[in-house]
Amino acid sequence: MVWSSAKPFNVNKMVDATFGDKKTHLMKIWARDRMGLDATAYDRKARTVKDMRTVWKELARNGYPYHSSYTTLLMDDSHDKARLQPYNHIVVPEYEKDLRAHDLSVLKVLQPKPNAMLKRLRFDDTLLCAVGILEVVKKQANVANWIRQGGLRLEKAIGEAMD
């Protein structure tokens, strides 16, 4: 599932660029219109909160009743958005203009000889880290408890990934 506080048009662009054909595998795609904002707040950069209980209720209504704090991980760049379920949250850096510009410049250099240049040039590695975290999290019986107990400590996460 993708839930962004961006407006629907922008969320659809992000999802298309990120998931391509695989976006049909997403259970839901939610945008700013699902944040419970009034019209004034919707059009401003008003603070938003992602209450995961909203997600769990929606999933239960659609035949997926087993999702809860035990099974859910929220990856977001804002502590505020996750304040209702802080132990289901992992903070990821915001993908800002400077980082995107850097990634695009790396991609441009890679175009002629991608394999030869890849070892020397670096993209933003947030998504690679997220994949590693998800590999560990999917083995957890209780995601919130795992995070509360320090599951993201490097030495613990490496040990669990090796299991």
Side-chain angles (χ1 to χ4, degrees), residues 1-6 10-37 45-100 102-103 106-107 118-163:
M1 174 177 183
V2 170
W3 189 10
S4 172
S5 58
N10 293 324
V11 172
N12 288 328
K13 283 175 50 177
M14 287 185 280
V15 167
D16 286 342
T18 304
F19 294 96
D21 300 0
K22 306 244 186 262
K23 85 176 189 179
T24 59
H25 297 269
L26 295 169
M27 295 171 93
K28 298 281 178 187
I29 301 170
W30 286 0
R32 193 166 188 81
D33 56 333
R34 296 300 302 248
M35 304 295 294
L37 301 171
K45 281 273 192 182
R47 285 184 163 187
T48 56
V49 176
K50 293 179 178 174
D51 186 349
M52 299 309 294
R53 293 173 298 191
T54 306
V55 173
W56 301 326
K57 287 176 189 171
E58 177 73 15
L59 291 174
R61 274 195 292 273
N62 286 283
Y64 300 95
Y66 304 109
H67 290 284
S68 69
S69 63
Y70 283 50
T71 63
T72 307
L73 180 67
L74 172 62
M75 297 178 120
D76 199 289
D77 63 356
S78 167
H79 289 284
D80 280 351
K81 287 180 189 157
R83 69 176 176 254
L84 297 176
Q85 292 89 21
Y87 293 111
N88 288 93
H89 179 225
I90 293 177
V91 180
V92 294
E94 185 174 354
Y95 193 66
E96 296 177 327
K97 275 196 267 185
D98 291 345
L99 191 51
R100 177 170 166 68
H102 172 76
D103 283 351
V106 169
L107 185 62
L118 191 57
K119 292 176 185 168
R120 291 185 283 162
L121 299 171
R122 300 255 330 174
F123 284 101
D124 172 33
D125 54 5
T126 302
L127 288 176
L128 291 175
C129 292
V131 169
I133 291 168
L134 291 171
E135 283 299 314
V136 173
V137 165
K138 72 182 183 182
K139 299 174 188 173
Q140 304 306 313
N142 183 334
V143 173
N145 190 52
W146 177 76
I147 291 173
R148 187 180 300 117
Q149 302 277 324
L152 288 176
R153 287 192 319 261
L154 184 59
E155 65 277 0
K156 184 174 181 182
I158 290 172
E160 289 177 6
M162 297 300 166
D163 292 342

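All figures in this text were calculated on a predicted structure; none of them were measured in a lab. Numbers here simply count residues along the sequence, with the first being 1.
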Rounded distance (nearest 0.5 Å) linking atom CG of Leu84 with atom CG of Asp51: 5.0 Å
Nearest atoms (heavy-atom pairs only) where Gln140 meets Trp146: OE1-CD1, 3.1 Å
Determine the minimum heavy-atom distance between Ile147 and Leu73, stating which atoms define it. CD1-CD1, 3.7 Å
Minimal heavy-atom distance between Asn10 and Ala6, with the atoms involved, is CB-CB, 4.3 Å
Smallest separation among heavy atoms of Val11 and Ser4, with atom names: CG2-CB, 3.6 Å
With a cut-off of 3.5 Å and sequence neighbours excluded, list every side-chain donor-acceptor pair involving residues 57-64.
| from | atom 1 | to | atom 2 | distance (Å) |
| --- | --- | --- | --- | --- |
| Glu58 | OE1 | Arg61 | NH2 | 3.1 |
| Glu58 | OE2 | Lys28 | NZ | 3.3 |
| Glu58 | OE2 | Asn62 | ND2 | 3.1 |
| Asn62 | ND2 | Glu58 | O | 2.7 |

I need the Ser78 OG to Lys50 NZ distance, nearest 0.5 Å. 8.5 Å
So OG1 of Thr48 and CZ of Arg34: to nearest 0.5 Å the spacing works out to 14.5 Å
Closest non-hydrogen contact found for Arg32 with Ser5 is NH1-O, 2.8 Å
Of all heavy-atom pairs between Ser69 and Asn142, which one has the smallest distance, and what is that distance? O-OD1, 4.1 Å
How many angstroms lie between NZ in Lys81 and CE in Met35, if you round to the nearest 0.5 Å? 6.5 Å
Interatomic spacing from CE in Met1 to CG in Leu74 - rounded to 0.5 Å: 10.0 Å
So which pairs with a foot in residues 12-32 pass ring-ring contact (aromatic ring centres under 6.0 Å, His included), sequence neighbours left out? Trp3-Trp30
Mark yes when over 12 heavy atoms from residues, nucleotides or ligands other than Arg148 sit less than 6.0 Å from its CZ; otherwise mark no. yes
Scan for salt bridge (Lys or Arg N to Asp or Glu O under 4.0 Å) pairs involving residues 128-138, sequence neighbours excluded, and state none if there are none. Glu135-Lys138
Side-chain (His67) to main-chain (Thr72) donor-acceptor, under 3.5 angstrom: no
Minimum side-chain heavy-atom gap Arg53-Gln85 below 4.5 Å: yes
Could you measure the distance from the CD1 atom of Ile29 to the CE atom of Met14? Nearest 0.5 Å is fine. 10.5 Å
